[in-house]
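Written out below as structure tokens is the structure these notes cover.
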Amino acid sequence: VQRQRRGGGAYDVRTSGAEPADLSSAGSRPAPEPTAPETLRHSACGRRSLPAPPPQRLIHPRSCSRASGKTSPSGGPLSGPGAGQTVTQEGIKSPDERSEANDLALRLARQYTGHWDVVVLDHAYHGHLSSLIDISPYKFRDLDGQKEWVHVAPLPDTYRGPYREDHPNPAVAYASEVKRVVSSAQEKGRKIAAFFAESLPSVGGQIIPPAGYFPEVAGHIRRAGGVFVADEIQVGFGRVGKHFWAFQLQGEDFVPDIVTMGKSIGNGHPVACVATTQAVARAFEATGVEYFNTFGGSPVSCAVGLAVLDVLEKEQLQAHAACVGSFLMELLGQQKAKHPILGDIRGVGLFIGVDLIKDEATRMPATEEADYVVSRLKENYILLSTDGPGRNVLKFKPPMCFSLDNARHVVAKLDAILTDMEAKVRSCETLRLHS
Ligand SMILES: Cc1ncc(COP(=O)(O)O)c(C=O)c1O
């Protein structure tokens, strides 16, 4: 058993006796061609073949090595039509902070398209900078409200949204909502620069968009002259198990125009990254206003990023996430049969949402109950929190080293808390009947 310490808790990296192999189960201007980000894939050998850095900036070799090829141990992030093309430094920028990555993506999109407006998903969160609060309905609804350049499309939520699991093609139906939002903006003379979405909307309630939704949306956005930005800040780096990037769940051929990465890239250390096509990067560079921030591309941060990628690879944490995630889903599924409050259990890899409901007919969010469960779990030294517009979705996004034993432990505690809660509700009802 290898152990790693995270946030004061000890977790098995691998389950005793299980070999790593056992874990692998699993504008007005024409829309740019989806020329695929010049990917990071190229460079298992990229450390050697990286083109010379642009003369105006001194760049530490460690930043180069990371940019050139260490972004995916699986060898194929952002792979698609552009895989295998050379990655240049203009194609990858290294802000030191995740919100900065999204702010830079916004600048890149605007510079490239010559447009200003942004389409976002309802309840989304993309960061704490003013520019990002403006594109985060989760925040701006409680602050200054929606700016005229921001357009909100419905969450592709097949459990509680307008198009549900019984819809013949929810991907196309939800994408048509984006088209409708774009058309209504255009009727007001607005021009779309970008569509921003988390590849799996997490603050929105651990939502798994139906496969095929992003490619459809990208078609609508690109025809309006905009670019598709995938925010992988929470969900990238193998967490979804089956793929290294969560947007790959949308179809192997789907490639966003810009991808932002953070959080897991540094395992707690502040480091972030933006990947894009050379066309977008060159449009940005053409202004002559280079990207600069004091700590951007710091060799220390890049060393941390490289170490994280090495650990992901060496310890096969992507396969581990697939294995432990499907085990956790199975255990939670067994609980669903027992506790009617568990309305929907959805997830991929170590990204799972447990949607608590008042009753199956209305699917009304069980907000207070979710709050109660979270506090009882905390008494048991298990930290979970809630997400979603109704704050009723228990979010499971544990460290990548979360083990099968950890999964058994958390589900056993959840079962005990729900059983106890149900008994308390029954005795209150009995008291009410007799009073
Ligand atoms: C999806 C997403 N994007 C961007 C950010 C911003 O990251 P940071 O707070 O590290 O700047 C967050 C933070 O929670 C996030 O969840």
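Here the structure is a predicted model, which means the values were calculated and not measured. Whatever order the structure lists ligands and atoms in, that order sets their numbers, starting from 1.
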Report task. Before accepting this row, confirm whether a basic side-chain N of the pair K263/E198 lies closer than 4.0 Å to the acidic partner's carboxylate O. Result -> no

Report summary line: atom 13 (C) of ligand 1 has as its nearest protein heavy atom K263 NZ, 3.0 Å

Requested in this report: Determine whether more than 12 heavy atoms belonging to other residues, nucleotides or ligands lie under 6.0 Å from atom CH2 of W116.
Outcome: no

Report summary line: Ranked by distance from atom 11 (O) of ligand 1, the top protein heavy atom is S99 OG, 2.6 Å

Report task. Give a yes or no on whether the backbone of Y159 and the side-chain of R363 come within a donor-acceptor separation of less than 3.5 Å. Result -> yes

Report summary line: N102 heavy atoms within 4.0 Å reach ligand 1 at atoms 3 (N), 4 (C)

Query raised in the report: Heavy-atom contacts under 4.0 Å between H128 and ligand 1: side chain, backbone, both, or neither?
Result: side chain

Query raised in the report: Between E100 and R107, is the closest basic N to carboxylate O distance under 4.0 Å?
Result: no

Requested in this report: Look at atom 12 (C) of ligand 1 and say which protein heavy atom is nearest, naming residue and atom and giving the distance to 0.1 Å.
Outcome: Y125 CE2, 3.7 Å

**Report entry** Main-chain N/O of G204 paired to Y138 side chain as donor or acceptor, under 3.5 Å
**Finding:** no

Query - Donor-acceptor contact present, side-chain S136 to main-chain H126, <3.5 Å - result: yes

**Report entry** Nearest non-hydrogen protein atom, atom 10 (O) of ligand 1
**Finding:** R98 NE, 2.8 Å

Query raised in the report: Any donor-acceptor pair under 3.5 Å linking the side chain of S199 with the backbone of E232?
Result: no

Report task. Would you check whether E198 has a nitrogen or oxygen atom less than 3.5 angstrom from a nitrogen or oxygen atom of ligand 1? Result -> no

Query - Minimum-distance protein heavy atom relative to atom 3 (N) of ligand 1 - result: D231 OD2, 2.8 Å

Report summary line: Of all protein heavy atoms, the one nearest atom 16 (O) of ligand 1 is Q234 NE2, 2.7 Å

